[in-house]
Amino acid sequence: MIKSDYLPSGFLQPLQDYLRQRALPAQDLLHELDACLESPNVPSERFCELLDAVWHAAPVSALGIRLGLATHPGQFGVVGYLVSYCGTLGQALARYYRYQRLLQQGLDSRGELKDGVLYMRWTQAVAKTPLATEFSIAVFVSLCQALIGRAITPVRAGLPFARPANADVYQALLGCPVEFDRPAIELAIPEYLLALPISGKDPYLLGLLEKQAQALLNQLPQLETSAAGASFQRVQDQIVESMKNGDVSAAAVASALNYSLRTFYRELRSAGYSYRGLLAHTRHTLARQYLADPALAQTDVALLLGYSEQSSFIRAFRSWTGMTPGEYRSHLARKAGQTAG
């Protein structure tokens with residue numbers, strides 16, 4: 001049973017954009033969305049509540065579909081980053097299935113090729129309100145379209161709630177027949193789409209996500225070989241691993257290490273550490289290493305460190321160094337020029 005579940009907080013950006021573009025009188029809701037976007041992830045239950053609140057502010061048909069189609073890969077957190085650098089849509093979807101639990105722990109999806117069609121179906125343990133399931137199918141369509149740079153026409157779609165009075169709107173938005181009262185969220189797309197190339201293909205950056213973080217962590221100062229030092233290293237390793245799915249909260253790291261949050265904090269205190277300080281130290285060290293690599297854009301660095309918003313990364317980096325990431329890179333360039341001279 002899933003006790004808690006999270007989604008990339010980037011999925012809240014279309015909600016915020018929708019409210020602002022329509023100048024809806026929802027300032028309190030906008031402030032709530034702003035606050036949630038400060039964190040890499042948002043609890044799935046909270047996402048459903050916010051989605052419902054947006055609908056109450058503007059009750060239009062198939063709102064979840066409309067909002068989901070407005071997303072882009074960067075809002076999928078690390079999973080979006082991974083798939084954007086694959087060679088073809090088929091390779092991207094293979095990685096999507098491999099890393100699906102980084103999007104939602106309670107996400108369970110399956111795919112099957114049959115007679116030239118890829119049939120997909122998935123369930124969501126927590127984010128399973130009608131609006132959330134609408135959003136889910138639409139963000140998947142939007143992701144596929146963004147990756148290959150063209151519109152796709154699904155063969156069919158299915159949603160796990162009763163047929164609404166305005167069902168034709170769903171077909172118009174998704175561009176295919178839509179069935180209701182299905183046991184899961186369902187989507188079928190032509191198999192030939194899997195061979196289409198992704199324009200952002202970059203094997204180097206793709207490999208970085210899985211290899212560079214650990215390699216950079218190995219450059220951190222060596223710890224004492226005591227029990228406390230070993231514990232410190234375990235926590236630090238898990239922080240880097242958790243950066244891949246964008247959730248570096250103490251609760252997520254403690255859970256991954258099979259600690260209760262209370263015990264986790266107690267163990268750190270007894271070893272003379274605080275989680276906030278340890279997380280900041282790890283991010284700071286990795287940030288300096290990443291920024292020294294000209295192949296990585298500043299937005300890429302923010303994602304690698306588990307930030308959903310670049311602005312949060314900039315504020316944190318300034319607090320560590322007194323410089324913005326851009327100023328730090330300029331500083332490195334000046335030093336390199338002086339050395340060359």
Side-chain angles (χ1 to χ4, degrees), residues 5-18 33 36-37 40-52 54-55 60 62-84 86 89 92-93 95-111 118 120-154 156-161 169-170 172-176 178 182 184-189 193 198 245-246 303 308:
D5 197 23
Y6 292 84
L7 290 164
S9 63
F11 284 163
L12 294 174
Q13 192 64 57
L15 280 64
Q16 188 180 67
D17 292 342
Y18 182 83
L33 290 167
C36 289
L37 281 165
N41 292 72
V42 59
S44 295
E45 287 186 354
R46 184 65 183 136
F47 175 81
C48 291
E49 292 169 355
L50 291 168
L51 193 53
D52 189 58
V54 173
W55 185 87
V60 299
L63 179 62
I65 301 287
R66 300 171 195 271
L67 294 173
L69 290 175
T71 59
H72 59 74
Q75 292 165 345
F76 281 70
V78 172
V79 174
Y81 184 80
L82 274 168
V83 299
S84 294
C86 291
L89 182 61
L93 294 187
R95 284 189 174 269
Y96 176 88
Y97 284 117
R98 180 180 176 185
Y99 293 104
Q100 60 183 318
R101 292 191 182 277
L102 302 184
L103 281 172
Q104 293 183 69
Q105 185 182 352
L107 179 66
D108 182 23
S109 65
R110 298 286 186 273
L118 173 61
M120 296 165 283
R121 56 185 293 160
W122 63 96
T123 56
Q124 300 167 173
V126 178
K128 53 187 180 181
T129 66
L131 279 172
T133 56
E134 288 179 15
F135 185 88
S136 183
I137 197 170
V139 296
F140 190 88
V141 171
S142 180
L143 175 65
C144 292
Q145 292 182 153
L147 291 176
I148 62 176
R150 56 180 283 185
I152 68 169
T153 302
R156 59 171 293 275
L159 289 165
F161 55 83
V169 175
Y170 291 80
L173 291 171
L174 292 174
C176 67
V178 181
R182 303 301 300 165
I185 304 168
E186 300 173 352
L187 186 70
I189 62 174
L193 293 175
I198 295 173
N245 67 13
L303 283 172
S308 62

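We number each residue from 1, following the sequence as shown. Below, all heavy atoms of this structure are taken into account, side chains as well, without hydrogens, waters or symmetry copies.
A 4.5 Å side-chain heavy-atom check between V139 and L143 finds every atom pair outside the cut-off. Between L50 and C36, some side-chain heavy-atom pair lies under the 4.5 Å cut-off. At a threshold of 4.5 Å between non-hydrogen side-chain atoms, the residues L93 and L118 count as touching. Taking 4.5 Å as the limit, some side-chain heavy atom of V141 sits within range of a side-chain heavy atom of Q145. Between F11 and V42, the closest side-chain pair of non-hydrogen atoms is not below 4.5 Å.
Taking F140 as the reference, Y96, W122 meet the ring pair (Phe, Tyr, Trp, His ring centres under 6.0 Å) condition, with sequence neighbours excluded. Residues forming a side chain to side chain contact (heavy atoms under 4.5 Å, CB included) with E49 (at least two apart in sequence, or on another chain): R46. With sequence neighbours left out, the side-chain hydrogen bond (donor to acceptor under 3.5 Å, both in side chains) criterion links E186 to R156, R182. The side chain to side chain contact (heavy atoms under 4.5 Å, CB included) check on A70 picks up P14, with sequence neighbours excluded. In terms of the ring pair (Phe, Tyr, Trp, His ring centres under 6.0 Å) criterion, Y97 has no residue partners (sequence neighbours excluded).
Taking all atoms of both residues into account, the shortest heavy-atom contact from I198 to A92 is CD1-CB, 3.7 Å. When all heavy atoms of T153 and G175 are compared, the pair lying nearest together is CG2-O, 3.4 Å. Closest approach of T123 and A184 over heavy atoms only: CG2-CB, 3.8 Å. The heavy-atom pair separating S44 from V126 by the smallest distance is CB-CG1, 3.7 Å.
A distance-only check finds no donor-acceptor pair linking the side chain of S142 to the backbone of A138 [under 3.5 Å].
Atom CD of Q75 is separated from atom CG of L7 by 12.5 Å, given to the nearest 0.5 angstrom. To the nearest 0.5 angstrom, D17 atom CG is 9.5 Å from L67 atom CG. To the nearest 0.5 Å, the span separating CD1 on I185 from CG on L107 amounts to 8.0 Å. Atoms CD1 and CG, from I152 and L187 in turn, are 6.5 Å apart once rounded to the nearest 0.5 Å.
Between the side chains of S136 and Q124, at least one donor N or O sits under 3.5 Å from an acceptor N or O.
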Going by atom type alone, with no hydrogens or angles, which donor-acceptor pairs under 3.5 Å involve a side-chain atom of residues 127-135 and a protein atom two or more places apart or on another chain?
unit_1	atom_1	unit_2	atom_2	d
T129	OG1	A132	N	3.1
T133	OG1	T129	O	3.3
T133	OG1	P130	O	2.9
E134	OE1	G64	N	2.9
E134	OE2	Y170	OH	2.6

Item to complete: Would you sort out whether V83 and F76 count as a side chain to side chain contact (heavy atoms under 4.5 Å, CB included), showing the intermediate values?
Response: CA-CA 10 Å; V83 299; F76 281 70; over 6 Å; no
